[in-house]
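One structure below.
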There are 2 protein chains.
Amino acid sequence: MSSSILTNSYGTLIDRTLRLIKLRYLQTFRAAGIDITPEQWVLLDKLNQTNGVSQNELANVTFKNAPTVSRIIDLLCKKGWTKRSRSPQDRRSYSVSLTKEGGKIVEILLPKVAHLRQLGWKNMSEEDHLIFIKIMNQIYENYEEEIIE
Amino acid sequence: MSSSILTNSYGTLIDRTLRLIKLRYLQTFRAAGIDITPEQWVLLDKLNQTNGVSQNELANVTFKNAPTVSRIIDLLCKKGWTKRSRSPQDRRSYSVSLTKEGGKIVEILLPKVAHLRQLGWKNMSEEDHLIFIKIMNQIYENYEEEIIE
DNA sequence: TAGAAATAGTTGCTATGACAAATATAAATA
DNA sequence: TATTTATATTTGTCATAGCAACTATTTCTA
């Protein structure tokens, strides 16, 4: 293995790019006059795809942990964009769903988010995109299976 | 441009991989018996490379913002690994440097971090690594120049 | 079936990061 | 030189994330 992998801190690069992506999302949402963060958007978007799931399921599909989802849903409920209802099958869990207001927010923001995704891949090919996803997932798998000494 | 770019949320993938990387760093540091976070490590490592720089310079090279660097240096000073001294040339800024203790910490952790970097690139080539860095920086540039509508 | 173990969710604590406002000092300018 | 402007740093507030401890409920098991 070459030395550049050992000496270059790619974590810092990933970190800075991810923070810029999130910032651009936030600015775009603000410019649209909607007070929502990128993380809140992730949950709202997921609920739009699969309405009525539990917080636990939301946590799994968005790779977030339970306390984080709990707090973000709190905020979304306060804004009137989601609502919780106790699941009759399992009274420990909630069924979380979009309100009509929440649905409108998604409708407004979806095209803007699509535009943002396009911007990120400017000057790159579809192949670049596929390689990038593959490598990102490979790094994840490499660390996932690793047992710490 | 193909539609998969529009429908896949690569931000979520980057987010989950970055969080796993940080978790593995944290676990490795804990396993070594050293109470330090990945972000604190980034600053300590940078100080080891360029000792005596200002917080502002630290912020620039690590892509962090000033308040974050200020608070992390606070923590590192409390742990006795760094110290601040007022710069005689510019009395607004500090010269931040590693203490002897801080140097020892870096010495212990450097090989472990090199090992972690290798782990992340398991099953991948040096070329994969270069492509990845190139794409990550291209995404950054794409968003950097973008003016929000 | 009663008690133990597991699961869904919440809350408290700490760290990081973004933004805004504040202080102290330096640099530029009229 | 006096005043304005810019810069380095700090502090406050909020959002996200991880961990641990807690409650309520469900599932497993002796």
Side-chain angles (χ1 to χ4, degrees), chain A residues 11-12 14-30 35-44 52-60 62-79 82 84-96, chain B residues 11-12 14-27 29-30 35-44 52-79 82 84-96:
Chain A
T12 301
I14 301 175
D15 194 58
R16 129 182 133 138
T17 297
L18 183 61
R19 277 188 286 117
L20 183 58
I21 292 174
K22 287 183 180 177
L23 181 63
R24 291 307 190 224
Y25 270 68
L26 195 59
Q27 290 173 333
T28 300
F29 296 158
R30 269 200 212 119
D35 178 32
I36 186 172
T37 66
E39 309 301 343
Q40 290 165 20
W41 164 254
V42 167
L43 291 196
L44 214 60
V53 295
S54 70
Q55 294 187 185
N56 194 34
E57 289 168 306
L58 271 180
N60 287 335
T62 59
F63 314 126
K64 297 184 182 302
N65 58 25
T68 299
V69 169
S70 175
R71 284 164 176 137
I72 294 179
I73 294 297
D74 271 355
L75 292 173
L76 292 176
C77 285
K78 269 180 206 155
K79 290 175 183 179
T82 61
R84 291 176 168 111
S85 46
R86 279 288 179 194
S87 166
Q89 294 87 1
D90 186 340
R91 292 179 38 71
R92 291 170 303 180
S93 74
Y94 292 111
S95 165
V96 184
Chain B
T12 300
I14 299 175
D15 195 60
R16 124 179 138 141
T17 297
L18 183 61
R19 278 190 285 117
L20 183 58
I21 292 173
K22 288 183 179 177
L23 181 64
R24 291 308 190 224
Y25 270 67
L26 195 60
Q27 291 172 332
F29 297 157
R30 271 200 209 118
D35 179 31
I36 187 173
T37 66
E39 309 301 344
Q40 290 165 18
W41 163 254
V42 167
L43 291 197
L44 215 60
V53 296
S54 70
Q55 294 187 183
N56 192 36
E57 289 168 308
L58 272 179
N60 287 334
V61 295
T62 59
F63 314 126
K64 297 185 181 303
N65 57 27
T68 299
V69 168
S70 175
R71 283 165 176 135
I72 294 179
I73 295 296
D74 271 356
L75 292 173
L76 292 176
C77 286
K78 269 182 205 154
K79 291 175 183 179
T82 61
R84 291 178 169 111
S85 46
R86 278 290 178 193
S87 166
Q89 294 88 1
D90 186 339
R91 292 179 40 72
R92 291 169 303 181
S93 74
Y94 292 112
S95 164
V96 185

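Below, chain A is the first sequence line, B the second, and so on; all start at residue 1.
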Checklist entry - Taking the nucleotide of DNA chain C with the closest heavy atom to each, which residue, A:R19 or A:Y94, is nearer the 5' end? => result A:Y94

Item to check | Comparing B:I72 and A:A66 on DNA chain C - which has the more 5′ nearest nucleotide | outcome: A:A66

Item to check | DNA chain D: 5'-proximal contact among B:R71 and B:L26 (nearest heavy atom) | outcome: B:R71

Checklist entry - Of B:D74 and B:L20, whose closest DNA chain D nucleotide lies nearer the 5' terminus? => result B:D74

Checklist entry - Within the side chain of B:S70, is there an N or O that forms a donor-acceptor pair under 3.5 Å with the backbone of B:A66? => result no

Name the nucleic acid region contacted by [X], choosing base, sugar-phosphate or nothing; use a 4.0 angstrom heavy-atom cut-off, strictly under.
| X | result |
| --- | --- |
| A:K64 | sugar-phosphate |
| A:T37 | sugar-phosphate |
| A:L23 | sugar-phosphate |
| A:R16 | nothing |
| B:N65 | base |
| B:R86 | nothing |

Item to check | Which nucleotide in D:dC19, D:dA17, D:dT11 has an atom nearest any side-chain atom of B:D15 | outcome: D:dA17

Distance in angstrom units between [X] [atom1] and [N] [atom2], rounded:
| X | N | atom1 | atom2 | value |
| --- | --- | --- | --- | --- |
| A:L76 | D:dA15 | CG | C1' | 12 Å |
| B:D35 | D:dC19 | CG | C1' | 13 Å |
| B:F29 | D:dG18 | CZ | P | 17 Å |
| B:I73 | D:dT11 | CD1 | C1' | 17 Å |

Polar atom pairs (N or O), protein with nucleotides 24-28 of chain D, under 3.5 Å:
from: D:dT25; atom 1: O2; to: A:R92; atom 2: NH1; distance (Å): 3.4
from: D:dT26; atom 1: OP1; to: A:R91; atom 2: N; distance (Å): 3.1

Checklist entry - Considering only heavy atoms from C-beta outward, does the side chain of B:D74 approach that of B:R84 to under 4.5 Å? => result yes

Checklist entry - Do A:S87 and A:Q89 have a side chain donor and acceptor closer than 3.5 Å? => result yes

Checklist entry - Do you see a donor-acceptor pair shorter than 3.5 Å between the side chains of A:R30 and A:Q27? => result no

Next on the checklist: For the CH2 atom of B:W41 and the OH atom of B:Y25, what is their distance to the nearest 0.5 Å?
Outcome noted: 8.5 Å

Item to check | Straight-line distance of B:I72 CD1 to B:L58 CG, nearest 0.5 Å | outcome: 10.0 Å

Item to check | Covered region of DNA chain C, 5' end to 3' end, by chain B [heavy atoms, under 4.0 Å] | outcome: C:dA15 to C:dA26

Next on the checklist: Just N and O in the side chain of B:Q55: are any of them under 4.0 Å from OP1 or OP2 of D:dT10?
Outcome noted: yes

Next on the checklist: side chain to side chain contact (heavy atoms under 4.5 Å, CB included), that's the test. Do A:L43 and A:Q55 meet it? Break it down for me.
Outcome noted: CA-CA 10 Å; A:L43 291 196; A:Q55 294 187 185; over 6 Å; no

Checklist outcome for this item: Between B:L26 and B:P38 the two heavy atoms that sit nearest each other are CD1-CD, 3.9 Å

Checklist entry - Is the shortest distance from a Lys or Arg side-chain nitrogen in B:R19 or B:D15 to a carboxylate oxygen in the other one below 4.0 Å? => result yes

Checklist entry - Under 6.0 Å from the CZ atom of B:R91, do we count more than 12 heavy atoms belonging to anything else shown? => result no

